[in-house]
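Some notes on the structure that comes next.
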Number of protein chains: 2
Amino acid sequence: MSWRKEQRRAERGYHHGNLKEALLQAALGLIAEKGAAGFTFADAARMAGVSAAAPYRHFRDRDELLSSIAQRGFEQFEARLTAAWDDGRPDTVTAFERVGRAYLAFAREEPAFYNAMFESGLPVDANPALQAASERAFNIIRAAAERLAALAPPGTPRPPAMMMALHIWSMAHGVASLFSRGDAARRKLPMSPDELLEAEVLIYLRGLGFPTDRRPPAKSAEPPPVPPEASSGSGVPPGGPWGKPK
Amino acid sequence: MSWRKEQRRAERGYHHGNLKEALLQAALGLIAEKGAAGFTFADAARMAGVSAAAPYRHFRDRDELLSSIAQRGFEQFEARLTAAWDDGRPDTVTAFERVGRAYLAFAREEPAFYNAMFESGLPVDANPALQAASERAFNIIRAAAERLAALAPPGTPRPPAMMMALHIWSMAHGVASLFSRGDAARRKLPMSPDELLEAEVLIYLRGLGFPTDRRPPAKSAEPPPVPPEASSGSGVPPGGPWGKPK
DNA sequence: CGGCTCATGTAAAGCTCGTTCACATGAGCT
DNA sequence: AGCTCATGTGAACGAGCTTTACATGAGCCG
């Protein structure tokens, strides 16, 4: 069985040339397959065709590899959230919902990153760079919440943007971890995780007094038509975000 | 170092007498300390004062021990949620919020159980007993949501109880995993996880049209934390669930 | 070109863990 | 008293993590 390794060596020489990147890619694949817990340093080395000790030239230990992946994940996460937010276009509520969907999409499409970021149990605050990356990502949600809070219907107390951001984050994370990943996704649900989160966010926003059943006329003024129902007895618009009751 | 084991043996004889339970307790302690990932079968055996092979007389493998703990956790979880719900007394909304707090309290006070149940990555659907226990716990939330849904203000579409239950679950789980456990709890927040979740749930319920600023006249106590200044024009209570804006 | 140096890779070894196996012990029944 | 079987032991295997001493060769300097 040794000819395999010999051949690899023959193909690429004694030095790999790009081992660090190769290890990251290998780890990413392994984590996607078996989870951060199941991934092994040795496997990554094997996959890259080097000895088990080689990775230590590039990462202090297994945790540092995991950390690197998590950090990279937070960066991509931030990028995707930023793109989804698109600076609040075409209107704040629409963009806000798009951020929520982007959160779920990331969790679904990048299970390895998501796992390393949120489910690997590595101490986020141990690595300053990691913590910073994590905060940058959260700040997108926070900035969006800030804009949303500024739209609070007149006459109502303005909700703290930070609180809103934390709420939205917890909803997205809760839905993602419980229903949108791995075998958790196998739970039988009356609706898709995306729909579930969208409804949740909409109901929440309505609870804050935002008009959510209809979008403002796109381009112009944000401070939108407060739905007439808002002044009625219960303040609840007809037809819930979950669609029409059957 | 061997005198240690010898002495243990001398104290308790060849047979432990209650090894299964001792292992469960040991594992619980270890998981609380180092997480489900960090816990080792060997450590549990050591802690119980037996050889590394002894546990295999009581558990097929490490996963089965973890599974047992998770199951026990779900049972305690169910018990606590049931107690908190108290069949909806003194009123549905109050009881509902109490369930939310019980969720967080459990996550905080029983980190080992919570870890095994939700963060250990073990396949819930692999073990039927485990799955059943998990479902029983969820059914408490679901039953509570059912009752709450029945209270939907007249004239509004009744929200699907299942959806409400999933929403509440995701909020509680999201807050618990992000802010209420381990080093995640070290994130600096403008409010406690309990307050965060309570506000989140209240806003959500308000989004569904439930009156949340004041409880229905409970027969007994039910001290109103907020002065009853509720009578602005917009149908939105002044002073959000997050308290007074400063 | 020749030689030096240092980043990068290797092999071997020590440790822990999970797991299995053959064997030991003794509690409880007959 | 003797049997039996559940329960515990020790040794052993393979695998992973990590360190250490050594090997290789790419890039640089004269």
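Chain identifiers are assigned alphabetically (A, B, ...) following the order of the sequence lines, protein sequences preceding nucleic acid strands; residue numbering begins at 1 within each chain.
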Please list all pairs meeting salt bridge (Lys or Arg N to Asp or Glu O under 4.0 Å) that have one or both residues in residues 13-31 of chain A, counting only residues at least two apart or in different chains. A/E21-A/R72
Please list, for nucleotides 27-29 of chain C, all pairs of protein and nucleotide N/O atoms separated by less than 3.5 Å.
none

What residues from residues 17-34 of chain A pass a heavy-atom cutoff of under 4.0 Å to DNA chain D? none
Check DNA chain D against residues 52-64 of chain A and give the residues with a non-hydrogen atom under 4.0 Å, in numerical order. A/A52, A/A53, A/Y56, A/R57, A/D61, A/R62
Have B/E200 and A/S170 got a donor and an acceptor in their side chains that come within less than 3.5 Å? yes
Identify, with sequence neighbours excluded, every residue that meets ring-ring contact (aromatic ring centres under 6.0 Å, His included) alongside B/F77. B/Y103, B/F106
For A/I69 and A/M117, what are the C-alpha separation, side-chain angles and deciding distance, and is it a side-chain contact (heavy atoms from CB on, under 4.5 Å)? CA-CA 8 Å; A/I69 289 188; A/M117 292 157 66; over 6 Å; no
Option passing side-chain contact (heavy atoms from CB on, under 4.5 Å) with A/E198 (candidates A/L202, A/D194, A/V201): A/L202
Partners passing side-chain hydrogen bond (donor to acceptor under 3.5 Å, both in side chains) against B/R62 (at least two apart in sequence or in another chain): none
Gap between atom OH of A/Y204 and atom NE2 of A/H167 - 0.5 Å precision: 4.5 Å
Under the side-chain hydrogen bond (donor to acceptor under 3.5 Å, both in side chains) test, which residues partner A/R57, sequence neighbours left out? none
Test side-chain hydrogen bond (donor to acceptor under 3.5 Å, both in side chains) applied to B/D61 - qualifying residues, sequence neighbours left out: none
Report all side-chain donor-acceptor pairs from residues 31-41 of chain A shorter than 3.5 Å, counting only partners two or more places apart or in another chain.
from: A/K34; atom 1: NZ; to: A/D43; atom 2: OD2; distance (Å): 3.2
from: A/T40; atom 1: OG1; to: A/D43; atom 2: N; distance (Å): 2.9

Applying salt bridge (charged side-chain N to carboxylate O under 4.0 Å, His left out), can you list everything that pairs with B/E110, at least two apart in sequence or on another chain? none
What's the CG-P distance between B/L65 and C/dG18, to the nearest Å? 10 Å
Bend angle of the helix from C/dC1-D/dG30 to C/dT30-D/dA1, from helix axes over five pairs at each end, nearest 10°: 10°
Sorted by chain and number, sequence neighbours left out, ring-ring contact (aromatic ring centres under 6.0 Å, His included) with B/F138 holds for B/W169
Let me know the distance between CZ of A/R46 and P of C/dG9, rounded to the nearest Å. 17 Å
Salt bridge or not between A/R80 and A/E109? Use side-chain N to carboxylate O under 4.0 Å. yes
Which of D/dG16, C/dT19, D/dT9 is nearest the side chain of A/A42? It is D/dG16
